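Sequence positions, counted from 1, serve as the residue numbers for this chain. Bear in mind that the values here come from a model prediction, so they are computed numbers and not experimental data.
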Amino acid sequence: MTPTSAPAPSPSVRTPTAAALAASAAAVDGGVLSNAELAAWLEDRRRAQTQRVERVPFAELDGWAFDERTGDLRHRSGGFFAVHGLRVSSDFGPVPAWEQPIIDQPEIGILGIALRDFDGIPHLLMQAKSEPGNVNGVQLSPTVQATKSNYMRVHGGSKVSYLECFRRPGPGSVVADVLQSEQGSWFLRKRNRNMIVSVGSGIEAGEDFAWLTLGQVNALLREDNLVNMDARTVLSCLPDWRTHAEEAVHPDTDVRSWITRRRAEHEVRVTPVGLAETKDWTVGETEVAHVHGRYFSVVAVDVASARREVRAWSQPLLKPHGTGLAALVVRRLNGVPHALLHARAEPGFVSVVELGPTVQYTPENYAHLPADSRPAYLDEVLARRAGAVYDVRLSEEGGRFLHAESHYVVVETDDELPVVSDEFRWVSLRQVDELLRYGHHLNVQARTLIAAWRSL
């Protein structure tokens, strides 16, 4: 039986040391579960968590409707999220002004992973969870992945398992606790609380949960569409367990000043508008779509699931047009690992600019633009991709996006790559680790790539 709640950790629980995390990362053959047992558990969860997802007209959505005045798509409870329009002007990127639908979800959810020692080896409590937008049903998710509407049970469903471990963590048990953003092109100022909490021996794994070593999770990160976006962002907040000789190219104060300067100098103005008034977008019976078929659509789905807090529901989902590419160029400078990060401005960011991958784009979104609009370093990434140390197809958040995937690529290079503009900086891995202790510094795509880079 899957527990519906769990006691807070005992006061004796302490956060794991770097040496303990390194031992967990080295335990690639398993701990509580062998790799064979892990594979059997995942296959069993796939069979148990059958899910039916069907596209339906908006008129058949239960509890959702278009506002008669603005055309915005909202839930009757006022919870969950809404879809409205956004008017944007920006000095970042090849297009200076546009309008688009955007997901507005002001509530802050919890994404949390529980850690527990087994014979001195920290294990992560991971959940096998199906989401309506996943391409393949079940993916590995955090211990808790819940919006405020979900854990407050606005939907009238069952309790969220292990929630109290994160809402009421014991003294000295918090490993990470930071507000992080999600896709700034699809969400308006969306934030979730990313947490890692050490728990005591009284916390057991329920039927849809398993205690895995960090080495096992890192291995699963190298498989297509297996570790979900929410797990990846939380994993990026785990303190780096490796030690590095440190002589960063840029001092810490210079990196922080660079981020502040990009935020101060970039201009991004956003104005909410009614969905019905959003220029170049049409609202039809089955989708909200761009007049030229670009970017994404908003669609409606009806869902039936045997293993969720609610067994049946319907909701809107954002459906991207095309598969994205998120690529991180890394190299050793002065013998120290560095990543080439891009200070990106996106309309949904709280702080205007966050650091993204070296390259982040969807080819279909650039097909109608001049050739010189292609992202910087794209050609360098494509030329080196055959030798990439990481190249995995991963899903974005399946609770809001329908079949949204990106190719995540890490490319190591020894070449002298010039920094083409003030939008880019080489940032050391230790500096990245420091920035991840605070919210709104690295975007969700960069956080996935940092988790992937550490897994190698």
Side-chain angles (χ1 to χ4, degrees), residues 55 58 66 70-73 81-105 132-133 135 181-190 229 268-301 315-327 342 344-349 354 356-357 359-375 378 393-408 443-445:
R55 290 273 303 270
F58 289 118
F66 290 102
T70 64
D72 295 350
L73 187 54
F81 62 93
V83 181
H84 61 73
L86 199 69
R87 182 175 296 131
V88 185
S89 62
S90 172
D91 63 356
F92 181 90
V95 180
W98 70 92
E99 296 187 9
Q100 65 168 90
I102 199 157
I103 300 172
D104 189 356
Q105 187 173 340
V135 296
S181 65
E182 296 196 4
Q183 286 85 352
S185 295
W186 296 340
F187 281 114
L188 182 62
R189 302 187 181 97
K190 171 74 182 300
M229 187 195 84
V268 179
R269 297 183 180 183
V270 297
T271 304
V273 296
L275 188 60
E277 304 168 12
T278 308
K279 183 182 178 182
D280 293 333
W281 293 79
T282 61
V283 179
E285 293 183 357
T286 60
E287 66 177 359
V288 179
H290 190 267
V291 292
H292 297 300
R294 296 175 187 146
Y295 312 121
F296 60 83
S297 301
V298 179
V299 300
V301 296
Q315 66 172 95
L317 289 173
L318 186 152
K319 185 180 187 303
H321 297 175
T323 300
L325 172 66
H342 186 195
R344 293 180 55 86
E346 296 183 16
F349 286 158
E354 295 189 11
V359 172
Q360 177 185 321
Y361 95 127
T362 301
E364 289 82 352
N365 292 349
Y366 284 74
H368 64 291
L369 297 175
D372 60 4
S373 298
R374 286 157 55 90
L378 175 61
R393 191 178 180 112
L394 296 173
S395 296
E396 308 304 338
E397 214 279 304
R400 294 293 176 266
F401 311 132
L402 181 62
H403 300 171
E405 296 177 281
S406 293
H407 292 284
Y408 282 90
N443 75 1
V444 68
Q445 291 88 350

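The number of heavy atoms from other shown groups lying within 6.0 Å of CZ (Arg294) is above 12. Residue Arg269 places its CZ atom among 12 or fewer non-hydrogen atoms of other residues, nucleotides or ligands, all under 6.0 Å distant.
Contact record, Phe81 with Val83: CE1-CG2, 4.2 Å, taken as the closest heavy-atom pair. Closest approach of Pro101 to Val288, counting heavy atoms only: CG-CG1, 4.2 Å. Nearest heavy-atom pair across Tyr366 and Ser373 is CE2-O, 3.2 Å. Pro132 and Leu402 get closest at one heavy-atom pair: O-CD1, 4.0 Å. Between Pro347 and Leu86, the closest heavy-atom pair is CB-CD2, 4.1 Å. Considering all non-hydrogen atoms of both residues, Val299 and Phe58 come closest at C-CE2, 3.9 Å.
Side-chain contact annotation: Arg400 with Gln183, donor-acceptor N/O pair under 3.5 Å absent. Defined by atom type and a distance below 3.5 Å, a donor-acceptor pair is present between the side-chain atoms of His321 and Ser297. For Ser406 and Gln445, the side-chain atoms include no donor-acceptor pair closer than 3.5 Å.
Interatomic distance, Glu396 CD to His403 NE2, rounded to the nearest 0.5 Å: 13.5 Å. Atom CE of Met229 is separated from atom CG of Leu394 by 11.5 Å, given to the nearest 0.5 angstrom. From His84, atom NE2 reaches atom CD of Gln100 across 10.5 Å, with rounding to the nearest 0.5 Å. Note that CZ of Arg189 is 13.0 Å distant from OG of Ser181, once rounded to the nearest 0.5 Å. If you take CD on Glu182 and CZ on Phe349, they are separated by 11.0 Å, rounding to the nearest 0.5 Å.
Judged by distance alone, with hydrogens and angles left aside, the side-chain atoms of Gln105 form no donor-acceptor pair with the main-chain N or O of Lys190 at under 3.5 Å. Panel note: side chain Asp72, backbone Leu275; a donor-acceptor pair is recorded below 3.5 Å. Under the 3.5 Å distance criterion, the side-chain polar atoms of Glu397 are matched with a main-chain donor or acceptor of Gly399. Side-chain atoms of Glu346 come within 3.5 Å of backbone N or O of Ser185 as a donor-acceptor pair.
The only option from Val88, Leu188, Val298 that meets the side-chain contact (heavy atoms from CB on, under 4.5 Å) definition with Ile102 turns out to be Leu188. The side-chain hydrogen bond (donor to acceptor under 3.5 Å, both in side chains) test with Thr323 singles out one residue from Arg393, Glu405, His407, and that residue is Arg393.
When side chains are defined from C-beta on, Pro357 counts as touching Asn443, because their heavy atoms get closer than 4.5 Å. When side chains are defined from C-beta on, Ile103 counts as touching Leu318, because their heavy atoms get closer than 4.5 Å. By the 4.5 Å heavy-atom criterion applied to side chains, Glu287 and Arg55 are counted as neighbours.
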From CA spacing to verdict: side-chain contact (heavy atoms from CB on, under 4.5 Å), Gln360, His342: CA-CA 9 Å; Gln360 177 185 321; His342 186 195; over 6 Å; no

Working for side-chain contact (heavy atoms from CB on, under 4.5 Å), residues Val283 and Leu73: CA-CA 10 Å; Val283 179; Leu73 187 54; over 6 Å; no

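The aromatic ring centroids of Phe296 and Trp281 lie less than 6.0 Å from each other.
Ring geometry, Phe187 versus Phe401: the interplanar angle falls from 30° to 60°, so the pair is classed tilted.
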